[in-house]
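Residue numbers begin at 1 in each chain, while the letters A, B, ... track the order of the sequences.
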Amino acid sequence: MRISLAHGNGGEETYKLINNLFYKYFNSEILLKGNDSAILSNINGNIAVTTDSFVVNPIFFNGGDIGKLSVCGTINDLAVSFAKPLYITVGLIIEEGFLIEDLEKIVKSIGEEAYKNDVKIICGDTKVVEKGKGDNIYINTTGIGVLEDTNCRKVNVGDKILVSGTIGDHGTSILCSREEIGLYNDIKSDCASLYSLTEKLISNLENIKIMTDPTRGGVATTLKEICNKECKNIKIYENDIPIRKDVDYVCSMLGLDPLYMANEGKLICIVSEEESKKALDIMKSSPLGKYAKIIGEVIDGENGELYYETLIGGVRILDMLKGELIPRIC
Amino acid sequence: MCIAVPGKVIEIYEDETALVEFIGVRKNINISFVEDVNIGDYLLVHVGFAIEKMDYLEGEETVKIFKSMVSE
Amino acid sequence: MDNLELELCKKIIMKINKETTKSINIMEVCGSHTRSIYKYGINKILPNNINLLSGPGCPVCVTTESFIDNAISLSKREDVVIVTFGDMIKVPGSSSSLSIEKSKGSYIKVINSPLQVLDILKKYKNKKVVLLAVGFETTMPTIAKLLRIIEERNIKNFYVLQEGKRIPKIMEHLLKDDDVKIDGFLVPGHVATITGISDFKNIAEEYNVPMVVSGFECLDILGSILALIRMINNNESTLKNLYKRAVNNEGNLKALIYIDTVFNKSSGTWRGIGEVDDTGYELLGKYKYLDAKYYFELNSNSLKNNYCMCGEILKGKKKPYECALFGKSCTPNNPKGPCMVSAEGGCSIAYSFK
């Protein structure tokens, strides 16, 4: 059975879809009231809001699917903003002809991920577009959280850069999931919610300067953005950057750089040198941070450059990702 | 120029192809340009074709040459 | 890289620094060598008196503007599907690129192996599928294989627009150019895998320019550069093969014979350089029916370059930053010439890897 235009036009088919499918997996009290708006009360503190849209192809990949991604991505944006994720909204744009069986898998993923993270789904919307006018399914999620800490700490020379684990897994996994690449592989997306990790870091450290998750554009683009914003120079070391051997090899086969491949379950944090060892220990004690490393530090200078020292001691300047990542052959 | 990477032969098929493993990933590769391919051989692979059998003994010899160049 | 290998690399670097006593120009012809050099930071630790020139070994960089224009005009046809390797789609022709045409709705498919064309042919039985075949001796056997299969299976809706090129004589051509001073070459390792070493060796000996066949790992390139410096210092003008694990002296005879069953050797036209004898391929008579140029009656207009200095950069005469367009109107997002488009192009690498 497939999604038809009728499922998106607000009539009986829409009503049945909401009740039989969405409410089956999204069972928050607020949502089940079925009102036009969700009314939230008793939020104590400053509110963090974030929104993101998800268009990943393929929609099912090793390590997750677009549903899981849409929840984790938004939770992570809240978590790295020092907020506790509380609520999430889900908007779907579905292409006519999409299999209802696949929709159910995705909706189930969304419900499970939200439940795992104690986040309530409070609003939703579904639209259906004509065949050919959408790429299977697009998802938008908006997240609401409450701030647990205010972050006004200055980034200083000597501060250390930590990453919670191996880089480039998600981007490489997605690429390998595409049939045309023709690679049989076990590379899994690292798609995961980071809140359990950020919560621990916030509770146990005094001086977290910056937290962020390096999604599209990879670790290099994210760090370069920080350099630009803070007007600081950062240096990272090839020797210290954790990369899975298979991810590294696939990237070199296709002429791509893991530093620019997407991640969906990794944390970058910048802490004072004094707290860096403690921060590393906290990360490593979490299942999300088994392979955490200190990969570099903030160095002298204010021109916003990101330096990368290779194994043999050559120092390159890294820029943001420019243009598309197209696998090279020749 | 052209990216080519080494991989190890795991299986050989009738139709001039072999299953080749490259550190954790596997791909079907056309082996029509290489003679006497055996399981366990290392092949140099470019755009889905094996273009040569790698000779790791020669590789070790090259490393020895490099070592001798710095011990002079 | 393990610790032992790293230690060896560091020792080689020390020797290179010690033994380079004068200004030396080394051309690394191959785009993949250029990329490895930048990736490992080799260009950053070499002494200043070693000048690395990146030569015309990036097939996308040396493909003529008229080839791109022809590909673009074919892509605009409703009855054509263009099949190409990744890099080609961003290369600018005189007024557009395949990437721009793709966004306008042209059927353009990106592949990473020639045999993927066979799946595309099954899917588009009612269209004319045209493969853009660009590459050097490393890739041409694989194109030949595809064409043989097409012929054996009597497939009727396939055409190839090819501009394959051969390396040894372009190196010789550069050596004949008085403006270009090259003291030594790093020979493209994977081209040599197919061709063997004799063509390169003959040029080394005839023109008194030492050459080293090099692999692509950090240790390979550093060791090969040291070997080259020693040969230059000792006036040794011959060829050393330091990639024997992948290159044997005779090359891959099976692959070479395969190429000869589909292609003739001919002159080649290099963007930024012009026509050079004995550096190209043309289809044999029996495969001419597959030639897109012939079937679609395409022209080879050579159009004027738009202030882009790619030609001079390819020859090693100029560096990317010496081009007025570099980093300003010409960036990886908005390339004006092939050197900026291709990930192996000198300008793209200079821009991205700084």
Side-chain angles (χ1 to χ4, degrees), chain B residues 1-9 11-38 40-72, chain C residues 4-5 7-12 14-15 29-35 57-59 85 111-116 135-139 141-143 145 167 188-191 193-194 215-216 219-220 222-224 226-227 230 240-248 251-256 258 344:
Chain B
M1 203 146 304
C2 298
I3 298 174
V5 291
K8 187 171 159 187
V9 177
E11 276 179 53
I12 300 176
Y13 306 121
E14 293 288 310
D15 59 349
E16 288 191 311
T17 65
L19 185 63
V20 175
E21 183 168 64
F22 309 86
I23 310 204
V25 300
R26 293 163 299 284
K27 195 174 159 74
N28 278 331
I29 298 297
N30 187 297
I31 54 171
S32 50
F33 299 133
V34 185
E35 305 272 0
D36 295 326
V37 176
N38 299 303
D41 281 347
Y42 281 87
L43 301 176
L44 185 64
V45 176
H46 168 67
V47 301
F49 284 78
I51 57 171
E52 192 53 89
K53 235 197 257 192
M54 304 286 294
D55 184 342
Y56 278 101
L57 285 174
E58 284 289 7
E60 282 169 15
E61 282 306 307
T62 307
V63 175
K64 280 190 192 148
I65 292 174
F66 291 146
K67 279 182 180 159
S68 72
M69 284 165 76
V70 297
S71 60
E72 287 159 25
Chain C
L4 287 174
E5 209 177 311
E7 281 314 304
L8 185 50
C9 284
K10 288 179 176 172
K11 286 184 185 159
I12 293 174
M14 275 171 40
K15 289 282 183 183
V29 182
C30 170
S32 297
H33 271 148
T34 314
R35 200 163 177 82
C58 150
F85 294 121
I111 55 168
N112 46 34
S113 168
L115 295 180
Q116 286 173 278
F136 297 107
E137 291 96 328
T138 329
T139 313
T142 73
I143 306 290
K145 178 79 180 174
I167 288 292
H190 294 145
V191 166
T193 298
I194 302 293
F216 298 83
L219 177 60
D220 289 317
L222 285 171
S224 299
L226 179 58
R230 287 183 177 175
K240 279 203 168 108
N241 180 0
L242 292 178
Y243 194 27
K244 284 189 177 169
R245 67 188 187 275
V247 176
N248 57 56
N252 184 329
L253 290 171
K254 208 169 172 189
L256 286 169
Y258 222 90
E344 290 172 354

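Looking at B:Asp55 and C:Lys244, their side chains never come closer than 4.5 Å, going by heavy atoms from C-beta outward.
Chain C forms more heavy-atom pairs under 4.5 Å with one residue of B:Val34, B:Ile65, B:Thr62 than with any other, namely B:Thr62.
Distance check, rounded to the nearest 0.5 Å: CG of C:Asn248 to CD of B:Glu58 gives 9.0 Å. Annotation: the span from B:His46 atom NE2 to C:Thr138 atom OG1 amounts to 5.5 Å, rounded to 0.5 Å. The distance from the CG atom of B:Leu44 to the CZ atom of C:Arg245 is 9.0 Å, given to the nearest 0.5 Å. Rounded to the nearest 0.5 angstrom, B:Glu61 CD and C:Leu242 CG are separated by 12.0 Å. Here NZ of C:Lys15 is found 15.0 Å from CZ of B:Phe66. Values are rounded to the nearest 0.5 Å. From B:Ser32, atom OG reaches atom NZ of C:Lys254 across 6.5 Å, with rounding to the nearest 0.5 Å.
In plain terms, the two heavy atoms of B:Glu52 and C:Gly251 that are nearest each other are OE1-O, 4.3 Å. Residues C:Ser113 and B:Gly48 come closest through the heavy atom pair OG-CA, 4.2 Å.
Contact of B:Ile51 with chain C is made through backbone and side chain together, with heavy-atom distances under 4.5 Å. Residue contact with chain C, scored on non-hydrogen atoms closer than 4.5 Å, involves the side chain of B:Phe49 exclusively.
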